[in-house]
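Each chain gets a letter, A, B and so on, in the order the sequences are listed, and its residues count up from 1.
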Amino acid sequence: MIDLDELTFIIISSLMISDIILILYSKKLIHTIIFLFFFLLMVASIFIVINSVFLALAELFIYNGGIVVLLTLGASIATDTFEDSKVKLYILLVPAIILLLLSIMAIKFNFSTISQYSYQNLGMSILSSYVFLFFIVAIVSIATALSVVYLLSKEDRT
Amino acid sequence: MIPFIWFTYLTIIIFSLGIVNILIKRDGINLVVGVELIVNAALINFISGSAYILNNNGAVYGLLVLITAVLETVMLLVLLLVYFDHYGSLDFSRIRNLRG
């Protein structure tokens with residue numbers, strides 16, 4: 001008998017995969033971004049299903065609030081229309097092989113010792129064990145901001 | 001309780017479809033969308049692993065991946081803007097300078 005958690009997971013994951021398939025088949029960029037928005041909503045809801053509300057909120061704020069708006073601004077400069085891409089079929093062997101290899105690895109892995117966990121002391125863990133990593137991320141953020149300002153303010157942009 | 005392997009299969013499928021999106025689309029925005037799909041697959045894997053393997057290392061790494069993905073997307077969009085200024089299009093098949 002399937003319980004409510006598993007049913008929720010099945011519904012959310014099927015919506016997620018159908019969103020990705022719609023992204024693959026959409027012709028217009030704005031449709032792609034709308035389907036990406038719904039995909040990211042599904043990712044946030046799957047985080048709520050596994051009881052990590054903080055990261056679901058971070059996902060909502062950062063991805064749905066920030067990146068989707070940035071992509072919309074980026075799509076607004078794309079004035080040209082794209083033809084249907086002529087894909088050689090053997091290129092699609094690459095993701096097929098990756099899917100096969102990862103599935104074999106997932107089948108071989110031993111999941112029997114895993115049990116569910118509720119988040120505790122996440123902030124303590126961030127501020128004690130991972131301060132150096134966050135320091136590096138802060139430096140990368142500053143470098144990104146400076147690079148963006150440099151790239152967008154060059155005089156010889158045509 | 002949801003079996004952990006379901007999350008693994010879901011992330012494998014999302015990862016593969018993200019690679020398909022990068023391979024079959026030619027414009028820059030769809031490249032960014034494909035990268036976002038792959039990053040989200042990694043994120044779901046980190047956080048579900050953290051929820052099931054009884055420590056919060058995965059959650060911290062997930063948060064780091066989340067922050068870094070934003071920076072990477074911003075840089076990609078700025079590079080797309082520079083590319084658009086240079087070539088007048090976002091079509092990546094116009095890059096012919098590196099052909100031998």
Side-chain angles (χ1 to χ4, degrees), chain A residues 5-6 9 13 16-17 20-21 23-24 29 32 36 39-40 43 46-47 49-52 55 58-59 62 66-67 70-71 74-75 77-78 80 82 85 87 91-92 94-95 98-99 102-103 106 111 114-117 119 121-122 125-126 130 133-134 137 140-141 144 147-148 151-152 157-158, chain B residues 1-6 8-10 12-21 23-30 32-33 36-37 40 43-44 47-48 50-57 59-60 62-64 66-71 73-75 77-82 84-86 89-91:
Chain A
D5 279 355
E6 295 173 352
F9 179 84
S13 55
M16 202 182 279
I17 292 171
I20 302 176
I21 292 171
I23 286 174
L24 289 176
L29 283 179
T32 303
L36 179 74
F39 167 76
L40 294 172
V43 174
I46 219 163
F47 288 166
V49 169
I50 55 177
N51 201 16
S52 78
L55 286 160
E59 171 93 14
I62 293 175
I67 289 182
L70 274 177
L71 285 177
I77 65 170
D80 49 351
F82 297 96
S85 52
V87 182
I91 291 178
L92 296 179
V94 176
I98 290 174
L99 183 67
L102 289 177
S103 303
F111 291 100
I114 290 171
S115 60
Q116 193 136 22
Y117 171 69
Y119 286 93
N121 299 327
L122 180 62
S125 166
I126 289 173
Y130 294 99
L133 269 179
F134 272 87
V137 170
V140 173
S141 309
T144 308
S147 313
V148 168
L151 281 172
L152 291 182
R157 280 179 61 203
T158 55
Chain B
M1 186 177 148
I2 307 167
F4 182 53
I5 196 163
W6 289 13
T8 313
Y9 284 136
L10 176 67
I12 289 170
I13 292 170
I14 295 173
F15 182 79
S16 306
L17 290 176
I19 292 178
V20 171
N21 194 24
L23 288 177
I24 69 172
K25 300 286 180 73
R26 289 192 303 179
D27 57 305
I29 301 290
N30 270 309
V32 180
V33 170
E36 292 303 323
L37 293 181
N40 273 287
L43 206 59
I44 295 173
I47 293 171
S48 61
S50 167
Y52 281 80
I53 307 182
L54 292 176
N55 61 32
N56 49 17
N57 292 340
V60 178
L63 198 59
L64 286 169
L66 204 66
I67 298 168
T68 317
V70 177
L71 305 176
T73 308
V74 171
M75 279 309 294
L77 284 173
V78 170
L79 290 176
L80 282 181
L81 190 59
V82 174
F84 183 77
D85 281 343
H86 193 71
S89 167
L90 287 181
D91 192 352

- prompt: Considering residues at least two apart in sequence or located in another chain, which fulfil the side chain to side chain donor-acceptor pair (under 3.5 Å) criterion with B:Ser16?
  reply: none
Contact check, side chains of B:Val70 and A:Thr144, non-hydrogen atoms, under 4.5 Å: no
field: OG-OH distance between A:Ser13 and B:Tyr9, expressed to the nearest 0.5 angstrom
entry: 14.0 Å
message: Using 0.5 Å steps for rounding, measure from the CG atom of A:Leu151 to the CG atom of B:Leu81.
response: 9.5 Å
- prompt: Taking C-beta and beyond as the side chain, do B:Leu63 and A:Tyr130 meet within less than 4.5 Å on heavy atoms?
  reply: no
task: Please state whether the side chain, the backbone, both or neither of A:Leu99 comes within less than 4.5 Å of a heavy atom of chain B.
output: both
field: Top contributor to chain A contacts, counting heavy-atom pairs under 4.5 Å, from B:Thr73, B:Leu80, B:Leu64, B:Thr68
entry: B:Leu64
- line: Bottom line for A:Leu71: the part with an atom under 4.5 Å from chain B's heavy atoms is both
- request: Could you look at A:Ile62 and say if it's the side chain, the backbone, both or neither that has a heavy atom under 4.5 Å from chain B?
  value: side chain
Pairs of heavy atoms under 4.5 Å with chain B: top-ranked of A:Ile98, A:Leu40, A:Ile23: A:Ile23
- request: Please look at B:Leu79 and chain A and tell me whether the side chain, the backbone, both or neither of the residue comes under 4.5 angstrom of a heavy atom of that chain.
  value: side chain
field: Working for side-chain contact (heavy atoms from CB on, under 4.5 Å), residues B:Ile14 and A:Phe39
entry: CA-CA 11 Å; B:Ile14 295 173; A:Phe39 167 76; 4.0 Å; yes
- prompt: Which bit of B:Leu71 is near chain A, if near means a heavy-atom gap under 4.5 Å: side chain, backbone, both or neither?
  reply: both
- prompt: Where on A:Thr32 is there a heavy atom nearer than 4.5 Å to chain B: the side chain, the backbone, both, or neither?
  reply: side chain
- prompt: When you look at B:Ile13 and A:Ile17, which way does the side-chain contact (heavy atoms from CB on, under 4.5 Å) test go after all the steps?
  reply: CA-CA 8 Å; B:Ile13 292 170; A:Ile17 292 171; 3.9 Å; yes
message: Would you compute the distance between atom CG of A:Asp5 and atom CD1 of B:Ile2 and round it to the nearest 0.5 angstrom?
response: 5.0 Å
task: Hey, could you give me the CG/CG distance between A:Leu55 and B:Leu43, rounded to the nearest 0.5 Å?
output: 7.5 Å
task: Using the test side chain to side chain donor-acceptor pair (under 3.5 Å), find all partners of B:Asn30 that sit at least two apart in sequence or belong to another chain.
output: B:Asp27
- line: So, the part of B:Leu10 with a heavy atom under 4.5 Å from chain A: the answer is side chain
Heavy-atom check, side chain of A:Met16 versus side chain of B:Ile44, under 4.5 Å: yes
- request: Please round to the nearest 0.5 Å and tell me the distance separating atom CG of A:Leu24 and atom CG of B:Asn21.
  value: 5.0 Å
message: Report which part of B:Val20 has an atom under 4.5 Å of a heavy atom belonging to chain A: side chain, backbone, both, or neither.
response: both
task: Take A:Ile67 and B:Val74 through the side-chain contact (heavy atoms from CB on, under 4.5 Å) test and state the conclusion after the steps.
output: CA-CA 8 Å; A:Ile67 289 182; B:Val74 171; over 6 Å; no
- prompt: Which bit of A:Leu102 comes within less than 4.5 Å of chain B, counting heavy atoms only: side chain, backbone, both or neither?
  reply: both
